[in-house]
2 protein chains.
Amino acid sequence: MENGDVDRTLTLLWRRTLGVPQGSRGPKQRFSVDEVLQAGIAVADEEGLPAFSMRKVADRLGLKLMSIYTYVPSRDELIGLMVDEVMGEPGLPPHEGTWRERLTVVARQMWDEFHRHPWLLQVEQSRPWIGPNGSDRYEWQLAAIEGAGFTDLEMDQTITLIGDFTTASARADVAARRMAEQSGISDAEWWAVNAPVLDRLMPPGAYPISGRVGTAAGEEYNAVRDSERSFRFGLDRIFDGLDHMLATRPSNDG
Amino acid sequence: MENGDVDRTLTLLWRRTLGVPQGSRGPKQRFSVDEVLQAGIAVADEEGLPAFSMRKVADRLGLKLMSIYTYVPSRDELIGLMVDEVMGEPGLPPHEGTWRERLTVVARQMWDEFHRHPWLLQVEQSRPWIGPNGSDRYEWQLAAIEGAGFTDLEMDQTITLIGDFTTASARADVAARRMAEQSGISDAEWWAVNAPVLDRLMPPGAYPISGRVGTAAGEEYNAVRDSERSFRFGLDRIFDGLDHMLATRPSNDG
DNA sequence: CCTAACTCCGTATGCCTTACGGTATTTGGT
DNA sequence: ACCAAATACCGTAAGGCATACGGAGTTAGG
């Protein structure tokens, strides 16, 4: 990756504030960058990131493979642009209520987004591109807890904490759904295949606590693991912990 | 994936309890499954999962490409076996101290493991293979909070919470380290390249809170983001939240 | 001693990204 | 009005990947 490529990708990311840099000579491009991104997002939504290829994006637009490279420098950069693009979809509603309610909205927005675009969880961003929608969202997320009593440092750490947990939780849920839907094997069917083999392989009595806890979880949930409920459980614990931190602070003006 | 493949992979995972199923005719295999896994782990450690290929595993053993397929059914299954293999490396020390201290050990073990084998974070396990080391670890993790006052359901949710958060936190840290080390671009250098471009592209004054918080974080940390510290921050909040749940429980015998 | 079973491997298929060069098209400059 | 530069689009090819298939050599059970 060259220095100029950084410049080019950042310029593409922020194209709405400066306009797409395009020379006036030569033929006009048949599509806009936005249309290429929408095609890419559609492919990724339908087939996931491993099956995402430049050829499929080109096919969807009626272009030939190599023409895509006149719009974006490479596959990785295209994906980076797609990420910032979908981050602009949900909009940023004005904050209301307590910081708990606000943070719930923040977390729920991420959770929903990961379910709308599961491939976001498969993106390996070695380099975090700083785009307009990501920047807007981070500002909005910080605004959710502005004035709640956190220090600046804690504000960053809190948003990081919520984001990290939500990401991991959504990852587990999406993986479970993918296993159930894509392979046509439900949770119960999967266990039906695995259980007899495991019965034969596992040393009997080796997992007393797991067995007990697993049975309890299986009876309580409608599935082996209810990710939605685990998500709310974790969120509630984290909120209680943040509450405790704010409440026990020496100089706390509310 | 056929039904028989499930059987074969599970049998390979639990090979230590039943032995590797091998017919007696024909030539003996030059290597053991363990040696193949060690070769695979070495390749993944050195080059990461995207660059992990069957050819490189074969080269490392002095075998030709296709011979690997007589040891493991496919690339995905090999990776699944590698995952369970590394989960057996650290051992499971006996639990001591309070549940807070125990859960800290549990989280720290995962955190360290992700840093020892960063490719674990890149594994896309559409199907969670149930292997001996993973099962042993889950049992050990549950034992850490056995008798602390959690219900069976909460035990599972708590371990999930700690695991989810640790995974996401480690992912952020590993990504940052990779960016710094692998590309030879330090945190400061990356900003030195990006900042001038962003100064030109970003609408001035658009990000007041981000600017203030980012400055605070930059001054407090030695880097832009101190993942180790964010990790401890999140863990402390979660522990406080769990503490609050246990303390406010109606029938709480301690 | 024969043959079934097994290991190892050569070849081939069909994906993928992307470098490079060619051709057609558009427009600024003269 | 015309030329040359710039640009979009695309064909080809190189080099990578997983893995299906079949063949050659090797071992041991009957």
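Below, chain A is the first sequence line, B the second, and so on; all start at residue 1. Quick note: numbers below take in every heavy atom, side chains included, and nothing from hydrogens, waters or symmetry partners. What you see is a predicted model, and the numbers here were worked out from it, not measured in a lab.
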Subject >> Spacing between B/M66 atom CE and D/dG23 atom P, to the nearest angstrom >> reply: 15 Å
Original post:
To the nearest angstrom, how far is A/I68 atom CD1 from D/dC9 atom P?
Top reply: 9 Å
**OP:** Whole angstrom is fine here: how far is it from NZ in B/K64 over to P in D/dG23?
**Re:** 20 Å
**OP:** Could you walk me through whether A/E46 and A/R60 pass the salt bridge (charged side-chain N to carboxylate O under 4.0 Å, His left out) test, one step at a time?
**Re:** CA-CA 12 Å; A/E46 290 168 17; A/R60 184 171 286 262; 2.8 Å; yes
Original post:
Which residue, B/D76 or B/R25, contacts DNA chain D at a nucleotide closer to its 5' end, judged by nearest heavy atom?
Top reply: B/D76
Original post:
Nearest nucleotide by nearest heavy atom, which residue falls closer to the 5' end of DNA chain C, B/T70 or B/G26?
Top reply: B/G26
Original post:
B/Y69 side chain: which of C/dT17, C/dC9, D/dA18 is closest?
Top reply: D/dA18
Original post:
What integer distance in Å separates B/K28:NZ from C/dA5:P?
Top reply: 15 Å
Subject >> N/O donor-acceptor pair under 3.5 Å between A/R137 side chain and A/G88 backbone >> reply: no
Subject >> Between C/dC9 (P) and B/R55 (CZ): distance, integer Å >> reply: 12 Å
Subject >> Between CG on residue A/N133 and CH2 on residue A/W14, distance to nearest 0.5 Å >> reply: 8.5 Å
Original post:
Is B/Y71 touching bases, backbone alone, or none of the nucleic acid, heavy atoms closer than 4.0 Å?
Top reply: sugar-phosphate
**OP:** Select base, sugar-phosphate, or nothing to describe what B/L65 touches, counting heavy atoms under 4.0 Å on all strands.
**Re:** base
**OP:** Determine, stepwise, if the pair A/W111 / A/F231 fulfils ring-ring contact (aromatic ring centres under 6.0 Å, His included).
**Re:** CA-CA 9 Å; A/W111 173 270; A/F231 176 53; 4.2 Å; yes
**OP:** Would you mind classifying the nucleic acid contact of B/M54 as base, sugar-phosphate or nothing, using non-hydrogen atoms under 4.0 angstrom?
**Re:** sugar-phosphate
Original post:
Side chain of A/P27: nearest nucleotide among C/dT25, C/dT7, D/dC9?
Top reply: C/dT25
Original post:
Rounded to the Å, how far apart are B/L61 CG and C/dC9 P?
Top reply: 11 Å
Subject >> Which residue lies more 5' along DNA chain D, comparing B/S53 with B/S24 via nearest heavy atoms >> reply: B/S53
Original post:
Is the A/F31 ring parallel, tilted or perpendicular to the A/Y71 ring (thresholds 30°, 60°)?
Top reply: tilted
Subject >> Distance in angstrom units between A/L63 CG and D/dC10 C1', rounded >> reply: 10 Å
Original post:
To the nearest Å, how far apart are B/D59 CG and D/dG16 P?
Top reply: 12 Å
Subject >> Closest nucleotide among D/dC10, C/dC16, C/dC9 to the B/R30 side chain >> reply: C/dC9
**OP:** Side chain of B/R75 only, please: which of D/dT19, D/dG11, C/dC9 is the nearest?
**Re:** D/dT19
